[in-house]
Amino acid sequence: MSEQLPPSDPGLPPGAVPLAVPEWAPHPVRLIVNDDLKRSRLTVFFRILLFIPHLFWQYFWLFATFWCVIINWFAVLIRGRSPEDLHLFLTRVLRYRTHLISYLFLVSNPYPTFFGRHGAHPVDLEIDGPDRQSRLVTLFRVVLVIPAFVVAYVLVFVMSVVALIGWFVALVIGRMPKGMRDLSAYCLRYEAQTYAYLIVLTSRYPSFSGTPTT
């Protein structure tokens, strides 16, 4: 992490060095929201049916993802860093899932693509490149992620309640209220960070602080 020195203090003794103030580092997994809140009443009404093709497509993703996560876990244990290609693939998998969950829970309106490309959806996921990770933390990753998963489970329940209420609201006014959208986006961001931690994309634990970037 880079450090920034504060301005010199004339009251300091000669030769004294002012304390370094660390810059705040954003989480390496960030949710980007460029949604205009408009919702198509027709696609909102049939949202669950429209989700079905993606449900089948996910099985292809999940089969490849499972083995890639195992390989990535061993790679980080040995090298202390994810291989670039594995990191890119798992990033795309997580981004695709975020697009899909965003659509299902009415956080966004456009139909998601099937390949998780960056910038392909108004609610997108931005993930930093591979960085050094602690081998010890990686070894116990499945155990360490349990508290975050409990929180994520609660937040998914909150998203479900918001989506149910928002479904009726969007059918009537053709929009998703901003407060409801933002609450769901907050829950989605934490859930995405939890999965990123689990599949060893980052060693940074999911964070309650910060808000989705708009």
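One is the number of the first residue; the rest follow in order along the sequence. Here the structure is a predicted model, which is why all the values come from computation and not from measurement.
- In this structure, Arg204 is not positioned above the aromatic face of Tyr197 in the sense of NZ or CZ being under 6.0 Å from the six-membered ring centre and within 45° of the axis.
- The side-chain contact (heavy atoms from CB on, under 4.5 Å) search around Leu164 returns Phe168, not counting sequence neighbours.
- Other residues, nucleotides and ligands place more than 12 heavy atoms under 6.0 Å from the CG atom of Leu49.
- The residues Arg30 and Asp128 are annotated as salt-bridged, a charged nitrogen and a carboxylate oxygen being separated by less than 4.0 angstrom.
- Counting non-hydrogen atoms of other residues, nucleotides and ligands closer than 6.0 Å to OH of Tyr205 gives a total above 12.
- In this structure, Arg47 satisfies the cation-pi test against Tyr103, with its NZ or CZ atom closer than 6.0 Å to the six-membered ring centre and inside 45 degrees of the ring normal.
- Using cut-offs of 30° and 60° for the angle between ring planes, the Tyr59 and Phe56 rings count as tilted.
- Residues Asn72 and Ser82 bring a donor and an acceptor atom of their side chains to less than 3.5 Å of each other.
- Partners of Lys38 by salt bridge (Lys or Arg N to Asp or Glu O under 4.0 Å), not counting sequence neighbours: none found.
- With His27 contributing its side chain and Val29 its backbone, the two residues share a donor-acceptor pair below 3.5 Å.
- Under the side-chain contact (heavy atoms from CB on, under 4.5 Å) criterion, Gln58 pairs with Phe51, Leu55, Tyr96, Leu100, not counting sequence neighbours.
- Side-chain N/O atoms of His121 and Ser108 include a donor and acceptor closer than 3.5 Å.
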